[in-house]
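What follows is a single structure, written as structure tokens, with notes after it.
Not measured: the values here are computed from a predicted model. Atoms considered below: every heavy atom in the structure, side chains included; atoms not considered: hydrogens, waters and symmetry mates.
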There are 2 protein chains.
Amino acid sequence: MSEDHPSDPRSAHNLEVLRGCSLLSGLPDEALREAAAVARARPFHANEVLYARGEVQSALSVVGAGSVRISSTSSDGREIMLTLFEPGAWFGDTVFSPGMPRVFGATAHSDGELVEVPGQAYRDLLARYPQAYPRTLDMLSRRLWSAISIIEDNGLRDMPGRVGRRLLFLAQMHEHDGGADEANGPVTFKLTREHIANMMGMTRQGVHGVLKTLEGEGLIAFSYGRVTVPDREALRRYLEERPQK
Amino acid sequence: MSEDHPSDPRSAHNLEVLRGCSLLSGLPDEALREAAAVARARPFHANEVLYARGEVQSALSVVGAGSVRISSTSSDGREIMLTLFEPGAWFGDTVFSPGMPRVFGATAHSDGELVEVPGQAYRDLLARYPQAYPRTLDMLSRRLWSAISIIEDNGLRDMPGRVGRRLLFLAQMHEHDGGADEANGPVTFKLTREHIANMMGMTRQGVHGVLKTLEGEGLIAFSYGRVTVPDREALRRYLEERPQK
DNA sequence: GCCAGACTGTCAACGGTTTGACACTTATCG
DNA sequence: CGATAAGTGTCAAACCGTTGACAGTCTGGC
């Protein structure tokens with residue numbers, strides 16, 4: 001909307017965030033600068049609802065700071081959480097299918113900031129820099145791959161297996177997106193038992209039992225509002241030998 | 001591989017199949033003709049394994065005739081089925097992420113035929129006809145949407161709810177892909193209790209109970225190796241009032 | 001630094017699904 | 001057309017996660 005000049009500090013900040021987003025890394029830098037000029041920074045506070053399930057308007061959102069919960073609430077109040085996004089991650093896949101309602105909503109998990117590129121502007125940009133399409137398709141297809149893996153886990157694994165897989169998955173995403181810790185260092189998530197329960201479709205109490213089991217194997221640690229995966233590699237190995245239901 | 005002439009009858013048949021595929025409908029007809037020339041028809045017999053989970057080689061497969069089960073088998077022999085594809089449907093999403101292993105395999109559900117475009121050829125074609133990209137992204141993003149809906153159902157709904165939703169989903173896909181019956185006519189699937197069990201991560205016996213429940217409500221009918229949804233609209237309404245777990 | 005509200009651990013009773021087993025029915029194909 | 005394999009209905013027992021309830025613990029914000 002605003003005709004920001006490239007040297008506008010606001011635009012410069014947007015650019016930095018967009019550069020860190022894997023979805024956009026197929027675009028040449030000049031295109032990113034254009035995107036940054038039309039992007040809008042949107043600061044948020046913890047627990048603020050960013051998008052509701054069912055909304056039709058579409059934008060490409062890139063997490064600039066903080067973390068965002070992707071979840072949807074059913075009519076009877078139960079909440080189902082899909083994943084947690086950290087800086088560098090993107091969401092708003094409906095930019096690719098204009099007119100489709102969002103299946104899941106987004107809620108601020110901490111204070112932070114989003115950088116948003118309007119849907120039409122993003123699509124126009126892709127059309128003008130078509131060399132970015134293959135990378136874009138690749139990113140989308142990987143996301144589909146992840147979703148399908150989750151479906152597979154739901155069908156094949158018991159509760160400890162599912163919880164372990166999901167934590168492992170989050171840990172890998174954390175590493176990939178931005179949290180470039182040491183190769184296999186410990187990762188901690190600020191997730192309550194209830195958040196985890198909402199990811200797995202189980203109850204707070206059920207999660208408690210599962211976490212205790214995994215803790216007993218030395219695979220995770222947990223405390224008030226926190227879960228830690230000390231050794232991703234060990235967790236991965238454990239889960240490999242345990243596909244049973 | 002073979003330098004088929006456009007008027008080659010084999011190529012003409014391929015073309016007809018490719019024209020019926022929604023993923024490819026963004027490509028101009030001349031591009032489809034090129035694709036048909038390099039495509040390979042691959043007839044199959046019921047229960048033949050078309051692709052195994054984990055394979056890396058990629059091609060875009062379009063179902064020309066018959067139906068194909070998308071599923072994966074775990075190390076301990078349990079099978080999990082994702083969906084059933086009918087003529088007009090496409091799979092092999094790894095064409096968009098060359099080098100990624102297939103998460104799920106494909107098995108012939110009946111006799112039929114696949115038309116396959118080699119991955120590299122398909123990607124080249126897109127690059128030469130970039131106007132097809134938006135449609136391609138749209139199709140991929142809709143598939144992601146479907147996968148996420150399944151995850152949502154797994155978390156929010158009880159067994160009757162999940163089974164109902166999946167059957168409804170299959171029925172809608174059937175209508176969309178090619179089976180252009182009347183607007184809301186009955187749809188029958190050749191699925192055994194065990195197939196359904198494998199889709200939902202439950203047991204043959206468990207499915208039996210659920211189907212009986214749904215039959216009691218007049219929402220489905222079933223017999224040896226078959227399940228029928230007589231009225232999609234009624235099933236949809238029933239499920240809407242029943243999101244509970 | 002303190003306190004309200006959020007989060008947690010634990011328990012017994014309940015319920016839906018699985019397990020395992022067996023007899024029965026229906027298709028397929030030689 | 002008949003035999004063999006694949007699919008089905010049903011049952012009791014065991015299992016695992018849920019429900020509901022309550023007391024205890026942590027923590028962030030004023």
Flag, side chain of A:Glu55 to backbone of A:Ala52, donor-acceptor distance under 3.5 Å: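 Yes, because the side chain of A:Glu55 sits within donor-acceptor range (under 3.5 Å) of the backbone of A:Ala52.
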
Any donor-acceptor N/O pair, A:Arg232 side chain to A:Gly185 backbone, under 3.5 Å: yes

Interatomic distance, [X] [atom1] vs [N] [atom2] [rounded to whole Å]:
X	N	atom1	atom2	value
A:Met202	D:dC16	CE	P	13 Å
A:Arg226	C:dA6	CZ	P	17 Å
B:Asn47	C:dT28	CG	P	12 Å
A:Glu194	D:dT25	CD	P	21 Å
B:Arg157	C:dG16	CZ	P	18 Å
A:Arg204	C:dC11	CZ	P	14 Å
A:Leu211	C:dT10	CG	C1'	15 Å
B:Glu215	D:dT8	CD	P	13 Å

Six-ring centre of B:Trp145, A:Arg102 cation under 6.0 angstrom, axis tolerance 45°: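 No, A:Arg102 does not sit over the ring of B:Trp145.
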
Pi-cation contact, B:Tyr51 with B:Arg42 (under 6.0 Å, within 45°):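 Yes, a cation-pi geometry.
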
Sugar-phosphate only, base, or nothing, as touched by B:Lys190 at under 4.0 Å among non-hydrogen atoms: nothing

Which residue lies more 5' along DNA chain C, comparing B:Val210 with B:Gln205 via nearest heavy atoms: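 Checking each residue's closest nucleotide, the 5'-ward one belongs to B:Val210.
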
Out of [options], which nucleotide sits closest to the side chain of [X]?
X	options	result
A:Pro160	D:dT8, C:dC7, D:dG17	D:dG17
A:Tyr224	C:dT10, C:dC7, D:dT8	C:dC7
B:Phe222	D:dT10, D:dG9, D:dG7	D:dG9

N or O in side chain of A:Arg193 less than 4.0 angstrom from C:dC7 OP1/OP2: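 For C:dC7, OP1/OP2 do not have a side-chain N/O of A:Arg193 under 4.0 Å.
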
Basic-acidic side-chain contact under 4.0 Å: A:Glu116, A:Arg40: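 Judged by the 4.0 Å cut-off on N to carboxylate O distance, A:Glu116 and A:Arg40 do form a salt bridge.
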
Pair B:Arg69-B:His109, side-chain hydrogen bond (donor to acceptor under 3.5 Å, both in side chains): steps then yes or no: CA-CA 6 Å; B:Arg69 227 155 46 216; B:His109 191 66; 2.9 Å; yes

The helix from C:dG1-D:dC30 to C:dG30-D:dC1: angle between end helix axes, five pairs per end, rounded to 10 degrees: 60°

Residues A:Thr73 and A:Glu79: side-chain donor-acceptor under 3.5 angstrom: no

